[in-house]
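In the text below, chain A, chain B and the rest are named by the order of the sequence lines, each starting its count at 1.
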Amino acid sequence: MNQLIKCDLLILDDFAFRKIDQPSSEYLYTIVDNRYGSKSIILTSNRAMNDWMGIFPDPVMAGAILDRLTHQAHQIQLKGESMRKKLAQKNLT
Amino acid sequence: MQPDTQLKSQLKRLKLSGVIDTLDMRLLESQQNQLDYLAFLSLLLQDEIEARQMRKLGRLLQQAHFGQEQTLESFDFTAATSLNATLIRELATMRFLTHGEGVILIPPCGKPAKLTSRKRSAMLLVATATLYAFTNSTTYFPSSPKPISPASLTLV
């Protein structure tokens with residue numbers, strides 16, 4: 001936990017991929033809250049940001065986490081074929 | 001023992017393999033250009049520093065398990081037209097770390113999961129972060145009042 005709070009850059013890949021339970025969201029909140037304003041987080045997600053709320057059991061907790069994650073964050077929206085789909089096509093030809 | 005052999009064994013003992021690798025070349029160079037002692041020594045030490053940085057980078061990249069190598073230089077921004085090249089390049093300077101700003105990589109609104117460019121740019125950011133972490137050099141932060149400590153990367 002301490003390492004996740006203190007490291008200079010934390011990368012969460014495939015954020016909001018699955019629903020998470022209350023203890024996990026509390027854990028995530030502690031990390032995000034402690035890093036907020038001083039240490040960066042990079043998030044990558046396959047879901048649109050509007051859908052992120054739905055993975056948390058408690059909407060208040062969700063709001064607190066997402067506020068901190070998205071405030072002052074650079075957003076990059078991406079297009080493009082799935083990497084695995086592309087690779088599969090490549091292997092066929 | 002030849003002076004050359006003795007020097008090389010001394011360098012080896014001090015673990016200055018970077019100097020050993022370029023010694024002959026630098027020696028020739030300094031004779032040709034009539035470099036003074038200080039400049040010669042400085043060149044050699046710089047070689048050692050760079051060799052150590054390269055070794056560290058290699059180690060960090062291996063630990064990070066990126067799977068596929070991705071660099072900013074090799075990234076085709078013309079193919080990924082949805083990407084804001086300026087923003088990506090700005091992010092790659094890693095200046096956002098000094099302010100604790102976040103970066104969010106998301107799919108286009110309402111579209112199903114897409115992976116390529118997202119993964120790729122995430123990877124190149126991570127690669128640059130690693131690069132920064134290993135150099136921890138102030139060159140990335142020319143105007144930064146307080147260079148941050150060597151970055152530790154955590155992939156979750």
Side-chain angles (χ1 to χ4, degrees), chain A residues 1-18 20 24 27-28 31-52 65-90, chain B residues 64-68 70 76 79-88 90-92 94-130 132-133 136 147-156:
Chain A
M1 167 74 105
N2 212 23
Q3 205 196 346
L4 293 179
I5 290 170
K6 294 214 167 129
C7 63
D8 285 310
L9 176 61
L10 178 68
I11 298 168
L12 303 174
D13 193 23
D14 263 337
F15 181 73
F17 181 60
R18 290 191 289 201
I20 64 172
S24 300
Y27 191 84
L28 180 63
I31 294 167
V32 170
D33 184 48
N34 276 286
R35 297 182 66 85
Y36 178 66
S38 59
K39 302 279 188 185
S40 298
I41 298 178
I42 294 183
L43 286 184
T44 81
S45 182
N46 277 339
R47 283 186 211 278
M49 288 169 75
N50 292 340
D51 301 337
W52 290 2
I65 293 172
L66 296 181
D67 267 1
R68 284 163 179 74
L69 280 176
T70 51
H71 181 233
Q72 282 197 327
H74 304 273
Q75 287 181 25
I76 304 169
Q77 230 174 43
L78 302 141
K79 294 184 200 136
E81 284 286 294
S82 154
M83 177 168 68
R84 294 184 179 89
K85 211 162 102 187
K86 232 179 195 172
L87 276 178
Q89 270 171 359
K90 213 175 176 182
Chain B
H65 296 290
F66 288 152
Q68 125 202 47
Q70 180 67 59
D76 186 6
T81 46
S82 64
L83 276 185
N84 180 342
T86 318
L87 176 60
I88 298 285
E90 163 60 29
L91 290 175
M94 292 290 133
R95 265 192 287 269
F96 71 95
L97 288 181
T98 49
H99 309 295
E101 297 162 354
V103 179
I104 300 177
L105 297 143
I106 40 172
C109 286
K111 295 270 176 69
K114 306 271 182 167
L115 274 170
T116 326
S117 4
R118 182 178 63 79
K119 285 271 184 194
R120 286 185 129 204
S121 51
M123 271 180 173
L124 68 90
L125 274 172
V126 174
T128 323
T130 320
Y132 162 69
N136 187 33
I148 55 174
S149 61
S152 44
L153 285 169
T154 308
L155 282 161
V156 177

Sole candidate of A:T44, A:L43, A:I42 that passes side-chain contact (heavy atoms from CB on, under 4.5 Å) when paired with B:V103: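 Output: one option passes, namely A:I42.
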
Testing the basics here: between A:L69 and B:I104, what is the closest heavy-atom pair and its distance to 0.1 Å?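 A:L69 and B:I104 have their closest heavy atoms at O-CD1, 3.9 Å.
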
Which residues share a side chain to side chain donor-acceptor pair (under 3.5 Å) with A:T70, sequence neighbours left out: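 Side chain to side chain donor-acceptor pair (under 3.5 Å) list for A:T70, sorted by chain: empty.
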
Could you tell me whether the side chain of A:S38 and the main chain of B:G100 form a donor-acceptor pair under 3.5 Å?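 No; zero donor-acceptor contacts below 3.5 Å.
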
First locate atom CD of B:E101, then atom NZ of A:K39, and finally report the distance between them rounded to the nearest 0.5 Å.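 It is 14.0 Å, given to the nearest 0.5 Å.
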
Listed partners of A:R68 passing salt bridge (Lys or Arg N to Asp or Glu O under 4.0 Å), at least two apart: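 Once residues adjacent in sequence are excluded, the partners of A:R68 under the salt bridge (Lys or Arg N to Asp or Glu O under 4.0 Å) criterion are A:D33.
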
